[in-house]
> 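If you scroll down you'll find the structure; I have some questions about it.
Everything numeric here is computed off the predicted structure, so don't read it as measured data. Numbers here are sequence positions counted from 1.
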Amino acid sequence: MEQREYIVEAEGAGQRIDRFLSGEDTGLSRSALQGLVAEGHVLCNGKAPAKSLKLKAGDIILLEIPDAKPIEAVPQEIPLDIIYEDAHLLVVNKPKGMVVHPAPGNPDGTLVNALLWHCKGSLSGIGGEIRPGIVHRIDKDTSGLLVVAKDDATHIGLSQQMAVHSVERAYNTIVYGGFAQDEGFVESNLGRSKTDRKKMAVYPASEPHTKYAYTGYKVLERLGEFTMLECRLKTGRTHQIRVHMASIHHPVAGDPVYGPHNCITSLHGQCLHAKTLGFVHPITGEHLRFDSELPDYFTRFLTTLRQRTGGIPYERDDH
């Protein structure tokens, strides 16, 4: 069980304890914090707080976070679109709607369950029982390429490349609005939103508990009220492209979290595809680079937009 201590400062005085904690970097949702308070896992000055307690400056809050209940990842015979495979790693093209690893609310049917079946349990153990072989993740409703490690040496080598940002990762996406320039970038620090713990947000570099993020982009095609972009990552933060595009007022089409309220529900999530992946094989030293076709949900939306705008694809002139 993990214990964390917080001291109430002047600006936190007068708040209820669950509201105060939801403003701290706990990584927990407001409802989860309310549950911990109700279960006696939160103390104020060493005592269980009354439900109506209003905090005072100087109060000491002790938060106990119980150990997570184990989720057993079991092999499941689920079809996989494998782009490349050898004795040490494989590259898989994940479909939209598939969760990468088991978690509360998604105990099975994940990429990990499918990998355990396909690899007969031969996956690196560094990610633990729930994330075997998983070196990096993409969101449930983001499609595209992922590299999976079969042994620990490969996992360590790939993780080191991720850490120094030498892995090539390019995404295609369709976003709202038009761009005056053909290329640009967004760089900022990202951290957990202080108002909604399920979301990420842009913060100044001086803000604690945040991490630097850089997304470069170039216009692939102008589509009237939308634009298709290629986004290249130097960093790989949670929801990075989605947050960065929304921060410059070009949210990803179909994104129910960072997009407009009248979300394009027919896309069933953000129109974002991890198209290109390149890295050095940690064991052989060979440079590998993979490119995937745009999936059906993406091409259908693209075709619809082209029909609306006269069907003339935009081509860049780099000469």
> Give a yes or no on this: more than 12 heavy atoms of other residues, nucleotides or ligands lie within 6.0 Å of atom CZ of Arg232.
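Counting other residues, nucleotides and ligands, CZ of Arg232 exceeds 12 neighbours.
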> Would a single hydrophobic cluster contain both Met200 and Val100, if residues Ile, Leu, Val, Met, Phe, Trp and Tyr are joined by side-chain heavy-atom contacts under 4.5 Å?
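No, Val100 does not connect to Met200 through the hydrophobic network.
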> For Phe179 and Leu229, run side chain to side chain contact (heavy atoms under 4.5 Å, CB included): C-alpha distance rounded to whole Å, both residues' side-chain angles, the deciding distance at 0.1 Å, then the answer.
CA-CA 10 Å; Phe179 290 76; Leu229 301 177; 3.8 Å; yes
> Backbone N or O of Thr154 within a donor-acceptor pair of the Asp151 side chain at under 3.5 Å?
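Checking the backbone N and O of Thr154 against the side chain of Asp151, a donor-acceptor pair under 3.5 Å is found.
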> Arg16: which residues meet the salt bridge (charged side-chain N to carboxylate O under 4.0 Å, His left out) condition with it, sequence neighbours left out?
Asp18
> For Val135, what are the other residues in its hydrophobic cluster, where any two members join if their side-chain heavy atoms are less than 4.5 angstrom apart?
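Direct or chained contacts put Val135 with Ile83, Tyr84, Leu89, Val91, Leu145, Val147, Leu158, Met162, Val167, Leu277, Phe279, Leu288, Phe290.
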> Crowded around Glu64 CD? As in, over 12 foreign heavy atoms under 6.0 Å?
yes
> I'd like to check the side chain to side chain donor-acceptor pair (under 3.5 Å) partners of Lys96; sequence neighbours left out, ordered by chain and number.
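None.
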> Scan for side-chain hydrogen bond (donor to acceptor under 3.5 Å, both in side chains) pairs involving residues 247-265, sequence neighbours excluded, and state none if there are none.
His239-Tyr258, Arg242-Asp255
> Taking side chain to side chain donor-acceptor pair (under 3.5 Å) as the test, write out the residues that go with Gln240, two or more places apart.
Thr215, Thr235
> How would you list all residue pairs meeting ring-ring contact (aromatic ring centres under 6.0 Å, His included) that involve residues 182-205, not counting sequence neighbours?
Phe185-Tyr214
> If we ignore hydrogens and angles and just use 3.5 Å, is the side chain of Lys94 paired with the main-chain N or O of Thr142 as donor and acceptor?
yes
> Applying salt bridge (Lys or Arg N to Asp or Glu O under 4.0 Å), which residue pairs with at least one partner in residues 101-120 are found, sequence neighbours left out?
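Of all non-adjacent pairs touching residues 101-120, none passes salt bridge (Lys or Arg N to Asp or Glu O under 4.0 Å).
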> Ignoring hydrogens and geometry, is there a side-chain-to-backbone donor-acceptor pair from His118 to Ile82 under 3.5 Å?
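Pair absent, no side-chain N/O of His118 close to backbone of Ile82.
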> Between Thr276 and Asp291, is there a donor-acceptor pair closer than 3.5 Å when you use the side chain of the first and the backbone of the second?
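Not confirmed, Thr276 side chain does not pair with Asp291 backbone.
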> Going by the rule salt bridge (charged side-chain N to carboxylate O under 4.0 Å, His left out), which residues pair with Lys194 if we only count those two or more places apart in sequence or in a different chain?
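Listed in chain order: Glu207.
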> Which side-chain N or O atoms in residues 43-57 pair as donor and acceptor under 3.5 Å with protein atoms at least two apart or in another chain?
| residue | atom | partner | partner atom | Å |
| --- | --- | --- | --- | --- |
| Asn45 | OD1 | Ile60 | N | 2.9 |
| Asn45 | ND2 | Asp59 | OD1 | 3.0 |

> With sequence neighbours left out, write down each residue that passes side chain to side chain donor-acceptor pair (under 3.5 Å) with Ser193, or none if nothing qualifies.
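So Ser193 forms a side chain to side chain donor-acceptor pair (under 3.5 Å) with Thr195.
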> Could you tell me whether a side-chain N or O of Asp139 sits under 3.5 Å from a main-chain N or O of Asp141, the two making a donor and an acceptor?
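Not confirmed, Asp139 side chain does not pair with Asp141 backbone.
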> Just wondering, more than 12 heavy atoms not from Gln181 lying within 6.0 Å of its CD?
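Check fails, neighbour count at 12 or below.
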> Checking Glu9 now: which residues fulfil salt bridge (charged side-chain N to carboxylate O under 4.0 Å, His left out) with it, not counting sequence neighbours?
none
> Using modelled atom types and a 3.5 Å cut-off, is there a donor and acceptor pairing between side-chain atoms of Lys140 and backbone atoms of Gly97?
no
> Please answer whether the main-chain N or O of His155 pairs with a side-chain N or O of Ser159 as donor and acceptor at a distance below 3.5 Å.
yes
> Check ring pair (Phe, Tyr, Trp, His ring centres under 6.0 Å) between Phe226 and all other residues, then give those that pass, not counting sequence neighbours.
Tyr176, Phe301
